[in-house]
Amino acid sequence: MTSENKINLGNKPTIQSDSDSVTIIDNKTQKRFDLSVLSPTVGDRSIDIRKLYTEHQLLTYDPSYSSTASCDSKITYIDGERGVLLHRGYTIQDLASKSTFLEVAYLLLQGHLPNQNELSTFTNTITHHTMVHEQLQFFYRGFRRDAHPMSIMIGVVGALSAFYHDSTDISDPQQRMIASHRLIAKMPTIAAMAYKYSIGQPFVYPQNNLSYAANFLNMTFAVPAEEYKLNPVVVKAMDRIFILHADHEQNASTSTVRLAGSSGANPFACIAAGIACLWGPAHGGANEAVVNMLREIGDKKRIPEFIKKAKDKNSSFRLMGFGHRVYKNYDPRAAVLKESCHEVLNALGIRNQPLLELAMELERIALQDEYFVERKLFPNVDFYSGIILQAIGFPTSMFTVLFALARTVGWVAQWKEMVEDPSLRIGRPRQRYMGEPQRPYIPIEKR
Ligand code: ACO
């Protein structure tokens, strides 16, 4: 092995690496282990440590997985330093401006952009799976009207496996595909029903003559008493928001879906697990938190006060919609959304745009601040999405639901890819045990 790097970690192992292998020298035992380095088609190389434990009884330690590639994937590529996001090789900017959500969904699932015939067949399939079992509506009645719609989503999506038994055998490719189509098709219906339930309006059934985004808007905002007029700018913006949230490689919720699926759990249960993870404010829940934060700031004059709080290590406050584990540059999705924000607000005739103006000023000030510059903290996808969603008429509690709706296609594509990988084994991380060593049991009278 020709050594390029030699990393001495004191009492920890020394690591030497070249292009296709690394040698670890355990300074404690002086043992040497050669490990191969795997190359991707694009991006960072990874050290293959799969046999490190069985052959050398050494574990690696990476609690939040910052340096861990957990799988092989062909779906999405992110270059966080340059702010690049590719789905199956296509840039997110191209997809957001030239494709529809269902084209992107097909791309994520099948690996190539559909031709006209393939797209028509796929659209037809999704459209004809949008209705949910009539019995499912009774689930909603069991929830309090003021329940957070994400809690309803977790329950109802998890319950799908109780309704669609004929697509839960994950060893059957046909059933895997049907379950994938069902999830993508039914998620807008389930999300719209969660909203309707919360405001006490009747559920609106899907309409097969409408596009995916238009159908969702109709199920959300139409009422039986009068005609609902769809605004094409809003439909386009909704579709674009879905595209921008469709997939993002091995983020927390996708990894949750994969881990749940690695045990052989059915896809409906796995996606319910993904929704639960997405809900957290450090992940998908941030879009709701951004709008709440902007409302709390209220006035441009108060921005410095909030910036100061975000930088204060004694405060748990963070600038919501800022920062990302992988992007150390402007999140390309945030750039597209910022543009869409102006388009939608103008098309809706909203002249007074205090939240957008506040957000842009907050961004301007943060991006000039040494703290944010040093740490490479830029706006992420959640920073501008909430402003558009609010302008369209969604309450903040629905923002993360829309994220879940769109991300379902990514979860499903990643789940399918994993299940179809012949090297699949159950995911089972290890730990660094920091508790008591074995000790004698103390009878209660002596404690
Ligand atoms: N405001 C203030 N400081 C921040 C922020 C923020 N939004 N984000 C990160 N930092 C600081 C951290 O305090 C840390 O500072 P230190 O080095 O002085 O300790 C440094 O930047 C690195 O941050 P980490 O927390 O180590 O980064 P991590 O990768 O673990 O977290 C995360 C990423 C969770 C997205 C974080 O940036 C955050 O909490 N952002 C706000 C919530 C948010 O917008 N989430 C949406 C993410 S995108 C998505 O899921 C769709």
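Here the structure is a predicted model, which means the values were calculated and not measured. Every number for a ligand or one of its atoms is a count from 1 in the order of the listing.
Of the listed residues (Ser385, Gly323, Gly280, Ala286), the one carrying the non-hydrogen atom nearest atom 43 (C) of ligand 1 is Ala286. For atom 32 (C) of ligand 1, the candidate residues are Arg318, His248, Met293, Arg333; the nearest heavy-atom contact is made by Arg318. In the candidate list Arg325, Lys376, His283, His283 is nearest to atom 50 (O) of ligand 1, counting heavy atoms.
For atom 2 (C) of ligand 1, the nearest protein heavy atom (residue, atom name, distance) is Ala310 O, 3.5 Å. The nearest protein atom to atom 45 (N) of ligand 1, hydrogens excluded, is given as Ala282 O, 3.1 Å; this is a heavy-atom distance. The nearest heavy-atom contact from the protein to atom 20 (C) of ligand 1 is Arg375 CD, 3.7 Å.
The local environment of OH in Tyr228 is crowded, with over 12 non-hydrogen atoms from other residues, nucleotides or ligands closer than 6.0 Å. Few gaps surround CD on Gln57; more than 12 heavy atoms of other groups in view lie less than 6.0 Å from it. No more than 12 heavy atoms of other residues, nucleotides or ligands shown are found within 6.0 angstrom of CG on Asp72.
At a heavy-atom cutoff of 4.0 Å, ligand 1 is contacted by no atom of Val290, backbone or side chain. Neither the backbone nor the side chain of Asp331 has any atom closer than 4.0 Å to an atom of ligand 1 (non-hydrogen atoms only). Neither the backbone nor the side chain of Phe383 comes within contact range of ligand 1; no heavy atom lies under 4.0 Å.
Between Phe139 and His133, the ring centre distance reaches or exceeds 6.0 Å.
Interface of Gly321 with ligand 1, defined as ligand atoms under 4.0 Å from a residue heavy atom, comprises 43 (C), 44 (O). Of all atoms in ligand 1, numbered sequentially from 1 with element shown, those under 4.0 Å from a heavy atom of Asp382 are 46 (C), 48 (S), 49 (C), 51 (C). Set against the non-hydrogen atoms of Lys313, the atoms of ligand 1 under 4.0 Å away are 13 (O), 15 (O), 16 (P), 18 (O), 19 (O). Residue Phe403 approaches ligand 1 through these ligand atoms, each under 4.0 Å from one of its heavy atoms: 51 (C).
Residues Tyr384 and Glu363 have side chains that bring a donor and an acceptor to within less than 3.5 angstrom of each other.
When distances from atom 6 (C) of ligand 1 to the protein are checked, a heavy atom turns up under 4.0 Å. By the definition of a contact as any protein heavy atom under 4.0 Å away, atom 26 (O) of ligand 1 is not in contact.
Stacking of Lys309 on the aromatic ring of Phe317 is recorded, both the 6.0 Å distance cut-off and the 45° axial limit being met.
The distance criterion of under 3.5 Å between nitrogen or oxygen atoms is met by Phe322 with respect to ligand 1. Taking distance alone, with nitrogen or oxygen atoms compared against 3.5 Å, Leu319 approaches ligand 1 more closely than that limit. Where the criterion is an N or O separation shorter than 3.5 Å, residue side chain and backbone included, Lys328 fails it with respect to ligand 1. Taking distance alone, with nitrogen or oxygen atoms compared against 3.5 Å, Phe372 stays at or beyond that limit from ligand 1.
Using a cutoff of 4.0 Å between basic side-chain nitrogens and carboxylate oxygens, Asp20 and Arg45 are not scored as salt-bridged.
Two residues are said to be in side-chain contact when any heavy atoms from C-beta on lie closer than 4.5 Å; Val204 and Thr220 fail this criterion.
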